[in-house]
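So you know, we letter chains A, B, ... as the sequences are listed, proteins then strands, and number each from 1.
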Amino acid sequence: MARAGACNPETGFGERVAENQRRVFQIAYGVLRNSADAEEVAQEAFLRAYQKFDSLRDAEKFRAWVNRIVFRLALNRQRGYRRRLARDTAWQTTETTAMVDGAKDAERRLTLERLQREVGRLPEKFRSVLQLSLVEEMDAGDVGVVLGIPEGTVRSRLHTARKLLLDVMK
Amino acid sequence: MKKACEKWKEPLREAALTGITAKDLEEHQRGCAECAAELDEVRARAARLDTLLPLMMQGAEPPADFRARVLAAADAAGRGKRGRPRRVWTLAGASAAVVVVLIFAVTLQRRTARRIPGDELAAAQKLAEWRAPSDGLLATPGREMLRTMPRLGQGYLNVPVKRDEEE
């Protein structure tokens, strides 16, 4: 039975989805700041991975590939929003309340909103590194693989992004 | 911050973010209470930033049935994909048949072209060299006259004048 399951491509794929779904969702969410959109983009990324599953059976290969694809899909969708402008404000304010659910402090909530706005205003190369670095299970190496840059560059851009955001905390 | 301390602004930020204070900044701080206070303030800001940044991801969890939904969508996509091979094979078969027919036709045509009998070739050559009988009519005396145009003051007929008889 187990052997039959291992041979079934859908079973192997299901395991990969389970292993990667949280990270993939967070990558999309980090860019789009909206759960519904993040879910759609994450699902699209997994479907694309399914179509290429024969060449992505290796867990590491699957992980790197799906990370890259979901980030690109999320960026494409975000650019579409920005072009339409209608969702621009939603990008920065949606779900803020849910995000600071534990933080009752109103001042902290305002600071968080301001911080989100400032992150959105960062130059893309710093913003991308910051958004990906905030995803759990993503180290500098993983971020570098997604963006196609060395690990050292990831660290240096992250440092610059934090430095740029330091003034927001005043 | 004093104007003289402006140059310490950047090292202060670096120290706050990295947690490493450069030696010269440390020495300066010992004599400058304002910069020491500024460093504490920037450090507090950096700490606040590092606390708030992860909160941006708070609540970013896929729904409980996410995996099931992905698998259902993959299954639907897979069913569509499984229906495709038959169409693909049909197309491939038809293409192969067309190619075979084309090759056969070209080969047949080449073979036919090579087998032209010798008498047919001679006839074709004869036909190529054939000239119309009316071609001979073009070679008339009038043609020669037309070819030589008279110059100014000259006529077509050149009658020699007998000067001695006139005199």
Quick one: do I69(A) and V145(A) end up in the same hydrophobic cluster if we chain Ile, Leu, Val, Met, Phe, Trp and Tyr together by side-chain heavy atoms under 4.5 Å apart?
no
Roughly how far, to the nearest 0.5 Å, is CD of Q116(A) from CG of L55(B)?
9.5 Å
Got a donor-acceptor contact below 3.5 angstrom from the R33(A) side chain to the M56(B) backbone?
yes
Looking at E19(A) and R67(B), does any basic side-chain N land under 4.0 Å from a carboxylate oxygen?
no
Of all residues at least two apart in sequence or in a different chain, which pass the side-chain contact (heavy atoms from CB on, under 4.5 Å) check with A132(B)?
W130(B), S134(B), D135(B)
Counting heavy-atom pairs under 4.5 Å with chain A, the top scorer among P63(B), P62(B), A68(B) is P62(B)
Which region of L47(A), side chain (C-beta onward) or backbone (N, CA, C, O), has a non-hydrogen atom less than 4.5 Å from a non-hydrogen atom of chain B, or is it both or neither?
side chain
Considering only heavy atoms from C-beta outward, does the side chain of R69(B) approach that of Q43(A) to under 4.5 Å?
yes
More than 12 heavy atoms from other groups under 6.0 Å of CD on E10(B)
yes
Partner chain B: residue of V24(A), T111(A), D167(A) with the largest heavy-atom pair count (under 4.5 Å):
D167(A)
Measure the CZ-CG distance between R48(B) and L112(A) for me, rounded to the nearest 0.5 Å.
12.0 Å
Validation row: Y50(A), L71(B) side chains within 4.5 angstrom (heavy atoms)
no
Of L134(A), V135(A), V17(A), the largest count of non-hydrogen pairs under 4.5 angstrom with chain B goes to L134(A)
Nearest heavy-atom neighbours spanning R162(A) and L49(B):
O-CD2, 3.5 Å
Distance-only, no hydrogens or angles: does the R13(B) side chain make a donor-acceptor pair with backbone N or O of K163(A) under 3.5 Å?
yes
Of all of L165(A), L130(A), L115(A), which one pairs up most often with chain B through heavy atoms under 4.5 Å apart?
L115(A)
Nearest 0.5 Å please: distance from the CE atom of M57(B) over to the OH atom of Y29(A).
8.0 Å
Chain A: which of T51(B), D50(B), V42(B), T18(B) shares the most heavy-atom pairs with it under 4.5 Å?
D50(B)
Short side-chain to backbone donor-acceptor contact, Q26(A) and A60(B), under 3.5 Å:
yes
Looking at A49(A), A38(A), A18(A), which makes the most heavy-atom pairs under 4.5 Å with chain B?
A18(A)
Report which part of A28(A) has an atom under 4.5 Å of a heavy atom belonging to chain B: side chain, backbone, both, or neither.
neither
